[in-house]
Protein chains: 2
Amino acid sequence: MTEPDIFRALADPTRRQMLERLSAGERNATELREGLAISQPAVSQHIAVLRGAGLIEERKTGRQMLYRIRPDGLAPVVDWLTRYRAFWPERIDRLKTLLKEMDQ
Amino acid sequence: MTEPDIFRALADPTRRQMLERLSAGERNATELREGLAISQPAVSQHIAVLRGAGLIEERKTGRQMLYRIRPDGLAPVVDWLTRYRAFWPERIDRLKTLLKEMDQ
DNA sequence: GTGATACATAAGTTGATTCTTATGTGTTTT
DNA sequence: AAAACACATAAGAATCAACTTATGTATCAC
């Protein structure tokens, strides 16, 4: 769950896709696999990487595991990004707009 | 300079270190190498990856190349991150504070 | 209890990444 | 013009990441 782990975890498109799926809510491993042309163990291994990076957490329900995004997992990325804020002046505006919307 | 390229480029600690160095201003390849226990070609190769991801740009000055962060290079990461904003409520506050500071 | 289901772990293979040394191109110095 | 410097590119070696098949553990359905 250190910074290098997180960037490594995010480097893989399959794992980003899984995160995307989880952003809509809890999913089990089988659901996370849907549409991905990879084996079940491969999914388990990706999950282990995401978990090791602190990006997801899980709860056991019967024989399945329900995975969800760990709320603060992306914080190190946000922190890292803010160090480069001077270089994305344009995007700042978008964020401002976004934050305003969220205030309402 | 597609999203996968960017995440892949950021996955390497050496390249993040180089970016960090560039965040302080323009550097040539030799300066980027300082303190890194890798060969000169290795540095050139890392530079090529960062460049391919659209994260840096350069200008030629005599026999040296001066590299700098490409202002909008990290935009895709910012965009990607905002899709997960619901999951970092705490960091939002930091950003708000940050943006307020920048307004002054 | 037996069989099926959901997931994890082990071990090995393959392909991608990162490094090295060797060499090439262009620029500056003497 | 020759030597030194700054960097890039090529080719090959070593390491790492992602996948596979095989197998293990726990839970559920019958």
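Side-chain atoms are counted along with the backbone in the values below, which use heavy atoms only and exclude waters and symmetry mates. By convention in this document, chain letters (A, B, ...) are assigned in the order of the sequence lines, proteins followed by strands, and residues within each chain are numbered from 1.
Going from atom CG of B/L10 over to atom C1' of C/dT18 covers 17 Å, rounded to whole Å. As rounded to whole Å, 11 Å separates atom P of C/dT29 from atom CD of B/Q64. Atom CD of B/E58 and atom P of D/dA6 are 18 Å apart (whole Å). Rounded to an integer number of Å, the gap from CZ of B/R63 to C1' of D/dC7 is 11 Å. Here C/dT17 presents its P atom at 10 Å from CG of B/D5, a figure rounded to the nearest Å. At whole-Å resolution of the value, CG in B/L36 and C1' in D/dC7 are 16 Å apart. When rounded to the nearest whole Å, the span between CD1 of A/I56 and P of C/dC7 equals 12 Å. Computed from coordinates, the B/M65 CE to C/dT25 P distance equals 16 Å when rounded to whole Å.
Under a hydrophobic-cluster definition in which Ile, Leu, Val, Met, Phe, Trp and Tyr are linked whenever side-chain heavy atoms come within less than 4.5 Å, directly or via other members, B/L22 and B/L66 are assigned to different clusters. A/V49 is not connected to A/V43 by any chain of hydrophobic side-chain contacts under 4.5 Å among Ile, Leu, Val, Met, Phe, Trp and Tyr, and they are in different clusters.
Of the candidates C/dT5, D/dT20, D/dC5, the closest approach to any side-chain atom of A/I38 belongs to D/dT20. Here the nucleotide nearest the side chain of B/Q40, chosen from C/dA11, C/dG26, D/dC7, is D/dC7. Residue A/D12 places its side chain closer to D/dA18 than to any other of C/dT20, D/dA18, C/dT27. Comparing atom distances between the A/R8 side chain and each of D/dA10, D/dA8, C/dT18 picks out C/dT18 as nearest. Checked against D/dA8, C/dC7, C/dT27, the side chain of B/S44 finds its nearest nucleotide in D/dA8. Here C/dT18 is the nucleotide among C/dT18, C/dT9, C/dT27 with the atom lying nearest to any side-chain atom of B/H46.
Remark: B/Y67 is not in phosphate contact with D/dA6, judged by side-chain N or O atoms under 4.0 Å from OP1 or OP2. A/R15 has a side-chain polar atom (N or O) that falls below the 4.0 Å cut-off from OP1 or OP2 of D/dA18. Phosphate proximity of D/dT27 to A/K60: present, with a side-chain N or O under 4.0 Å from OP1 or OP2. One finds no side-chain N or O of A/S39 lying less than 4.0 angstrom from the OP1 or OP2 phosphate oxygen of D/dC19.
Under a 4.0 Å N-O distance rule, the pair B/E26/B/R59 qualifies as a salt bridge. The residues A/R16 and B/E3 are annotated as salt-bridged, a charged nitrogen and a carboxylate oxygen being separated by less than 4.0 angstrom. Between B/E20 and A/R83 a salt bridge is recorded (basic side-chain N to carboxylate O distance below 4.0 Å).
Along DNA chain D, the nucleotide nearest A/A42 and the nucleotide nearest B/I47 are compared for position; the residue whose nucleotide lies closer to the 5' end is B/I47. DNA chain D is contacted by both A/G62 and A/P41; A/P41 maps to the nucleotide lying nearer its 5′ end (nearest heavy atom per residue).
A heavy-atom distance below 4.5 Å is found between the side chains of B/Q40 and B/R33. A 4.5 Å side-chain heavy-atom check between A/L36 and A/M18 finds at least one atom pair inside the cut-off.
Under the side-chain hydrogen bond (donor to acceptor under 3.5 Å, both in side chains) rule, B/E58 has a single partner from B/R51, B/Q64, B/R68, B/R70, which is B/R51.
A donor N or O paired with an acceptor N or O is found under 3.5 Å between the base of D/dT20 and the side-chain atoms of A/Q45.
Listed by residue number, the members of residues 23-34 of chain B with any heavy atom below 4.0 angstrom from DNA chain C form an empty set.
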